[in-house]
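Only heavy atoms go into these numbers, but all of them, side chains included; no hydrogens, no water, no symmetry mates.
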Amino acid sequence: MKPKISKQGSFVLIFLLLSSICAFGQEQKTKDIITNPGVLITIVLILIPLLIAVYLATAKVRNLVKKVKAQDVNEQKTAISQSLREDELKTLRQSLENRKTAVEYKLTNKELGGDLPPEDAKGMIHRVSEVNIARFIPDKKRSTKRPSVNPELAKLIIWYLGGAAFWLVLGTSIGEYLGIKFVAPDVDHISWLSFGRLRPVHTNMVFWGWCSLAMIGLGYYVVYTVSNTIVKSLKSAWLAFWLINASVMLGSLSLMAGINNGGGEYREYIWPIMLLFAIGVVITLINYLNIIAKRATKEIYVSNWYIVSAVIFTIVITLVAYLPFWQNGLGETIAQGYYMHQGVGMWFMLFVLGLVYYFLPQQLNTPIYSYSLGILAFWTQILFYTVIGTHHFIFSAIPWWLQTTAIVGSVGMLIPVAAGTTNFLMTMRGNFHKVGSSYTLPFYLVGIVFYFTGSYQGTAEAFRSANLYWHFTDFTVAHSHLTMYGIITFFLWAFIYTLVPRLTGKEPTHGLVGAHFWMALIGMMFYTVPLMIGSTLRGVEWMEGKPFIDTVANMAPYWVWRAIGGSLMWASHLIFAYNLYTMTRKSGDIDTQTVLFNQLNREDNI
């Protein structure tokens, strides 16, 4: 009897055959590099943010042309008015004075209300003294006044963000020094400052110090807010804060001293130091779960799904990376691929996406476009992202089927990225005109754009045919900065500029926020695009059998661009740190909000 194949089986067979074109194809001629699917996809994805930048520049030029035309019209009006006869001018002046008197007429605000001052015992009326604006329209350039936050919670969040900003500046200062070493490798001969020791100091400091502290601090605000509950105690949250900071400080010193785990990228900290970070994460998870358990709402908002899942996955992947049971031979390599990629996708990306689902619609004052798309993106990311780690070890001794599984999982990531990007852009639909008058929305927009382009570029890089060119080159460095910087960091800045003015009532200088934005964005493009070009050419030279040292020399001009872009990025971080300082520094005014909360707490204790 011949075996029968169902329709579903036929579809699966066709899908596998089509997938094998990219997944199993190895032979690739260097002359065909432009027609390589991975290269073509990457070129298209790079062009998307560039075209957006050109569009914005065109809009600026168009506005400038309008201003010039308006100036010409004013000059013509002046010439016409000067040509009028004197008696006509007198008549015109009289008419203008009459019109001015009519326009400047104002009510006394007492016609209907009398002389008594307004009363608002329930706090329903805002800005009662302002009569020249439409009160139902929110301010365009200033942070909207929000309900008061418990001062203890606000203090905790600000300390988390302040600690994160400290590690960002210090960690990227080290990165700036490393970028200089590419151009001038003999700048020092100190073992503690060698490239091999400072590079993991830089990556771990910005990972565990900057991004992690910022996410956890912002997470406390979101989890509390969407749960609509009351803060009872934050002592354990402070303990987690100091444990995480201690792990980053001790880990950095140990790496500079040459003491490291040696087990792979992003897990260079030895286990006693990483244990401090792990305990801080476990405490954070317990706090989040306790808050959600005491929520006043029936449903758990999607942000809490993402945030809690990110913390749980981080605990799991840390155990996988540091427990020695499977750390022999290829098992260590497979565990490294799992840990490294899950650290990026299931800790940073999953957590930040949860924050986006709260802050973006709240900042736009509109609901999220589709709750169902958010849940689809959530579950498909968990399904596909957890199996793609070994696509960094294509053509290695790892079983071929496991490499193929990672590539198929990378292709599957098209689903959650498309769902998330669509959800965010449709949420912004009808609000794009606000981008020009807001100092926070440009950060959100950049994060969304690079969430799409950077993630899809990662899928293209996973193809075996593209891996032949890009693996073991600086292309991976460029890709990691497009994602960790273009997505995670830009989103974190957007959240911080959104939240801190609400906590402190102080806003940064808008011009400095603009300088921060453009220097970071331009610096990132100067950093990543030349590295992608140079790394592609280097991969071609490797495949053609060129001497290795020649490929190193040919990368020199691209490393210069890397140093220039990194310098702009580093300078923007200094501006960001100053902006955060201006938003959080103390003033001589009495904080009536803090006094009120303290008084209420004392009354509750009595």
If only side-chain N and O atoms count, and only distance matters, is there a donor-acceptor pair under 3.5 Å linking [Y] with [X]?
{"X": "S236", "Y": "N287", "answer": "yes"}
{"X": "W470", "Y": "T476", "answer": "no"}
{"X": "W518", "Y": "S572", "answer": "no"}
{"X": "Y497", "Y": "N579", "answer": "yes"}
{"X": "T42", "Y": "E461", "answer": "no"}
{"X": "T318", "Y": "Y339", "answer": "no"}

Within the distance-only criterion (no hydrogens, no angle test), does the side chain of [X] pair as donor or acceptor with the backbone N or O of [Y] below 3.5 angstrom?
{"X": "T584", "Y": "T504", "value": "no"}
{"X": "S212", "Y": "G209", "value": "no"}
{"X": "S438", "Y": "V435", "value": "no"}
{"X": "Q457", "Y": "T483", "value": "no"}
{"X": "T172", "Y": "W570", "value": "no"}
{"X": "S535", "Y": "M532", "value": "no"}
{"X": "R295", "Y": "S227", "value": "no"}
{"X": "E268", "Y": "Y266", "value": "yes"}
{"X": "S437", "Y": "K434", "value": "yes"}

Centroid separation [X] to [Y] less than 6.0 Å:
{"X": "Y220", "Y": "Y288", "result": "yes"}
{"X": "Y357", "Y": "Y306", "result": "yes"}
{"X": "H481", "Y": "F450", "result": "no"}

Checklist outcome for this item: Test ring pair (Phe, Tyr, Trp, His ring centres under 6.0 Å), reference Y485, set F207, W493, Y527, output is W493

Item to check | For H392, the option from E265, Q336, H341 that meets side-chain hydrogen bond (donor to acceptor under 3.5 Å, both in side chains) | outcome: H341

Checklist entry - So which of W167, W159, W208, Y160 actually passes side-chain hydrogen bond (donor to acceptor under 3.5 Å, both in side chains) with N245? => result W167

For the [atom1] atom of [X] and the [atom2] atom of [Y], what is their distance to the nearest 0.5 Å?
{"X": "M249", "Y": "I273", "atom1": "CE", "atom2": "CD1", "result": "9.5 Å"}
{"X": "L364", "Y": "N431", "atom1": "CG", "atom2": "CG", "result": "4.5 Å"}
{"X": "F443", "Y": "T489", "atom1": "CZ", "atom2": "OG1", "result": "11.0 Å"}

Next on the checklist: Taking the side chain as everything from C-beta on, heavy atoms only, tell me whether I448 gets closer than 4.5 Å to L360.
Outcome noted: yes

Checklist entry - Think R429 forms a cation-pi with Y369, using NZ or CZ under 6.0 Å from the six-ring centre and within 45 degrees of its axis? => result no

Can you establish whether the number of heavy atoms outside [X] located under 6.0 Å from its atom [atom1] is more than 12?
{"X": "W561", "atom1": "CH2", "value": "no"}
{"X": "Y578", "atom1": "OH", "value": "no"}
{"X": "F195", "atom1": "CZ", "value": "yes"}

Checklist entry - Is the shortest side-chain N to carboxylate O distance from K181 to D188 below 4.0 Å? => result yes

